[in-house]
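All remarks here apply to the structure that follows.
Just so you know, ligand 1 is whichever comes first in the structure, and atom 1 is the first atom listed for that ligand.
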Amino acid sequence: MSRIFALIPAAGMGKRMGAGSNKQYLLLDGMPILARTVSVFEAAPFIDGIYLVSPEQEIPFCHSEVVDRYGFSKVRSIVPGGAERQHSVCNGLDAMAGAAADDDLVLIHDGVRPFVSQQVLKTAADAAMQYGAAVVAVPVKDTVKVVRGGVIAETPPREELWLAQTPQAFRYGLIRDAHARAKAEGFLGTDDASLIEHQGGEVRIVTGVYRNIKITTPEDLVLAEAFLKGKG
Ligand SMILES: Nc1ccn([C@@H]2O[C@H](COP(=O)(O)OP(=O)(O)OP(=O)(O)O)[C@@H](O)[C@H]2O)c(=O)n1
Ligand SMILES: C[C@](O)(CO)[C@H](O)COP(=O)(O)O
């Protein structure tokens with residue numbers, strides 16, 4: 001029976017948020033964004049363990065203000081991050097090596113997507129169990145233009161365009177090897193699925209929800225507060 005782990009990269013600097021402190025610790029209705037995200041995985045009965053990735057100097061803070069403060073018993077380790085998201089995820093996968101078998105699943109999820117639901121976690125895990133690699137995504141709502149030199153070069157057919165979110169779920173051995181190969185070849189992607197695509201592998205899309213936003217810029221905080229009020 002495969003076990004299911006969560007790997008949550010939270011080692012970014014939040015430059016686009018411009019908050020002067022790391023955005024993963026900004027409070028949403030009194031609770032840090034990262035703690036909200038971890039709480040969804042902690043509550044999922046099928047998640048066996050959680051690995052967090054944090055800037056090295058913030059690991060003690062992450063321990064006290066997230067893991068201990070909210071009593072997250074499934075967190076197994078807080079791993080130091082790297083310069084890019086891909087490096088942070090790679091460090092997390094390396095740290096799991098002693099615990100995860102090749103056939104186990106890992107759900108990789110941005111620490112700053114706190115509105116992911118139990119249903120979405122389950123859908124992603126089920127798809128990865130069946131196909132080996134699955135990404136949660138939503139269809140684009142707008143018309144997308146490819147622009148070169150300030151001029152529209154192309155208008156791709158909208159029905160082919162999806163916005164990749166997280167979780168992105170994989171067999172542990174598959175994504176570990178894809179990260180190792182990307183590192184060896186100097187390939188840098190903005191998500192984990194692109195590393196499988198880069199080596200010619202197939203990744204399934206599962207339909208997510210628009211509400212699963214990545215908190216990136218100040219407008220996203222307004223949206224996040226509105227989601228929380230709506231819930232209340
Ligand atoms: N070196 C990095 C960069 C990003 N992340 C994490 O990857 C997720 C998605 O990244 P993003 O929203 O781009 O966060 P930042 O890199 O912090 O944002 P920015 O690019 O604005 O600095 C976040 O949970 C972030 O903490 C990470 O673990 N390590
Ligand atoms: C993984 C991701 O959240 C999928 O949308 C995204 O690619 C992260 O990108 P960023 O460059 O770290 O914002």
Side-chain angles (χ1 to χ4, degrees), residues 6-26 28 32-41 50-59 61-62 65-66 75 77-96 106-116 120-121 124 128 133-141 144 161-170 175 178-179 182-183 187-198 203-221 223-224:
L7 171 52
I8 302 181
M13 303 309 287
K15 288 193 260 317
R16 286 170 285 181
M17 182 60 73
S21 64
N22 270 351
K23 63 181 179 180
Q24 48 267 38
Y25 297 112
L26 293 177
L28 282 181
I33 291 171
L34 179 59
R36 286 188 176 274
T37 304
V38 175
S39 70
V40 183
F41 289 85
I50 300 171
Y51 290 78
L52 300 181
V53 189
S54 158
E56 186 154 27
Q57 68 280 9
E58 288 177 8
I59 289 177
F61 183 82
C62 186
E65 295 309 309
V66 174
V75 174
S77 181
I78 306 178
V79 180
E84 302 292 338
R85 182 186 181 283
Q86 183 174 318
H87 305 131
S88 295
V89 171
C90 194
N91 290 356
L93 291 169
D94 286 348
M96 295 170 64
V106 54
L107 268 56
I108 304 174
H109 184 73
D110 296 328
V112 292
R113 287 190 191 267
F115 296 108
V116 69
V120 165
L121 297 193
V135 163
V136 171
V138 286
V140 297
K141 296 180 189 176
V144 175
L161 298 175
W162 290 69
L163 300 175
Q165 301 180 341
T166 63
Q168 302 196 349
F170 310 93
I175 193 64
H179 268 268
K183 190 176 178 180
F187 176 79
L188 201 59
T190 54
D191 72 349
D192 303 290
S194 60
L195 310 191
I196 306 273
E197 297 158 38
H198 174 70
V203 182
R204 287 275 158 163
I205 283 286
V206 294
T207 305
V209 291
Y210 290 99
R211 183 187 167 85
N212 180 22
I213 59 169
K214 181 161 74 69
I215 297 183
T216 307
T217 58
E219 297 77 23
D220 298 322
L221 288 175
L223 211 50

Rounded distance [0.5 Å steps], CG in Asn91 versus OG in Ser54:
11.5 Å
Note the single closest protein heavy atom to atom 6 (C) of ligand 1, along with its residue, its atom name and the distance in Å.
Pro9 O, 3.6 Å
Would you mind running through ligand 1 and noting each atom that sits below 4.0 Å from a heavy atom of Glu84?
1 (N), 2 (C)
List every atom of ligand 1 that sits less than 4.0 Å from any heavy atom of Ala83, numbering the atoms from 1 in the order shown and giving each element.
1 (N)
At their closest point, which heavy atom of Ala35 faces which heavy atom of Val66, and how far apart are they?
CA-CG1, 4.1 Å
So which protein heavy atom does atom 19 (P) of ligand 1 come closest to, and at what separation?
Lys15 N, 3.5 Å
Looking only at heavy atoms, is any part of Lys23 under 4.0 Å from ligand 1, and if so is it the side chain, the backbone, or both, or is it neither?
side chain
Please round to the nearest 0.5 Å and tell me the distance separating atom CG of Leu195 and atom NZ of Lys183.
12.5 Å
I need the atoms of ligand 1 closer than 4.0 Å to a non-hydrogen atom of Gly111, numbered in the order shown.
24 (O)
Just wondering, do Met17 and Leu26 contact through their side chains at under 4.5 Å, heavy atoms?
yes
Decide whether an N or O pair under 3.5 Å exists between Thr216 and ligand 1.
no
What atoms of ligand 1 come within less than 4.0 Å of a heavy atom belonging to Ser88?
1 (N), 2 (C), 27 (C), 28 (O), 29 (N)
Picking from Leu107, Val203, Val135, what satisfies side-chain contact (heavy atoms from CB on, under 4.5 Å) with Gln168?
Val135
Could you tell me, atom by atom, which parts of ligand 1 come under 4.0 Å of a heavy atom of Lys214?
9 (C), 11 (P), 12 (O), 13 (O)
Contact check, side chains of Thr166 and Ile8, non-hydrogen atoms, under 4.5 Å
no
Please tabulate, line by line, the atom pairs linking an N/O of ligand 2 to a protein N/O at a distance below 3.5 Å, with the distance in Å to 0.1, or answer 'none'.
unit_1: ligand 2; atom_1: 3 (O); unit_2: Asp110; atom_2: OD2; d: 2.5
unit_1: ligand 2; atom_1: 3 (O); unit_2: Arg113; atom_2: NH2; d: 2.9
unit_1: ligand 2; atom_1: 5 (O); unit_2: Arg113; atom_2: NH2; d: 3.1
unit_1: ligand 2; atom_1: 5 (O); unit_2: Ala164; atom_2: O; d: 2.6
unit_1: ligand 2; atom_1: 7 (O); unit_2: Thr190; atom_2: O; d: 2.8
unit_1: ligand 2; atom_1: 13 (O); unit_2: Arg16; atom_2: NH2; d: 2.9
unit_1: ligand 2; atom_1: 13 (O); unit_2: Lys214; atom_2: NZ; d: 2.6

If you have a sec, work out which protein heavy atom is nearest atom 28 (O) of ligand 1 and how many Å separate them, to one decimal?
Ala11 N, 2.8 Å
Can you tell me which residue and heavy atom of the protein come closest to atom 8 (C) of ligand 1, and the distance to 0.1 Å?
Asp110 OD1, 3.4 Å
Side chain of Arg36, backbone of Leu28: donor and acceptor closer than 3.5 Å?
yes
Partner of Asp192 by side-chain contact (heavy atoms from CB on, under 4.5 Å), out of Leu7, Ile175, Val106:
Ile175
heavy-atom search around atom 1 (N) of ligand 1 in the protein gives Gly82 O, 2.9 Å
With sequence neighbours excluded, tell me which residues meet salt bridge (charged side-chain N to carboxylate O under 4.0 Å, His left out) with Glu197.
none
Quick one: look up the protein heavy atom nearest atom 17 (O) of ligand 1 and list residue, atom name and how far away it is.
Gly14 N, 2.7 Å
Val112 heavy atoms, cut-off 4.0 Å: which ligand 1 atoms fall inside?
12 (O), 23 (C), 24 (O)
If we only count heavy atoms from C-beta on, is the Gln165 to Asp110 side-chain gap below 4.5 Å?
no
Please report the C-alpha distance between Asp191 and Ile108 in whole Å, then the side-chain angles of each, then the deciding distance to 0.1 Å, and finally whether the side chain to side chain contact (heavy atoms under 4.5 Å, CB included) criterion is met.
CA-CA 10 Å; Asp191 72 349; Ile108 304 174; over 6 Å; no
Got a sec, which residues hit ring pair (Phe, Tyr, Trp, His ring centres under 6.0 Å) with Tyr210, two or more places apart in sequence or on another chain?
none
Could you grab the distance from atom NE2 of His87 to atom NE2 of His179, nearest 0.5 Å is fine?
10.0 Å
Please list all pairs passing the side-chain hydrogen bond (donor to acceptor under 3.5 Å, both in side chains) test where one or both residues lie in residues 15-25, with sequence neighbours left out.
Asn22-Glu58
Mind checking whether Ala10 has a heavy atom under 4.0 Å from ligand 1?
yes
What protein heavy atom is closest to atom 5 (N) of ligand 1, reported as residue, atom name and distance in Å?
Gly12 N, 3.4 Å
For ligand 1, is any non-hydrogen atom under 4.0 Å from Arg16's backbone (N, CA, C, O), its side chain (CB onward), both, or neither?
both
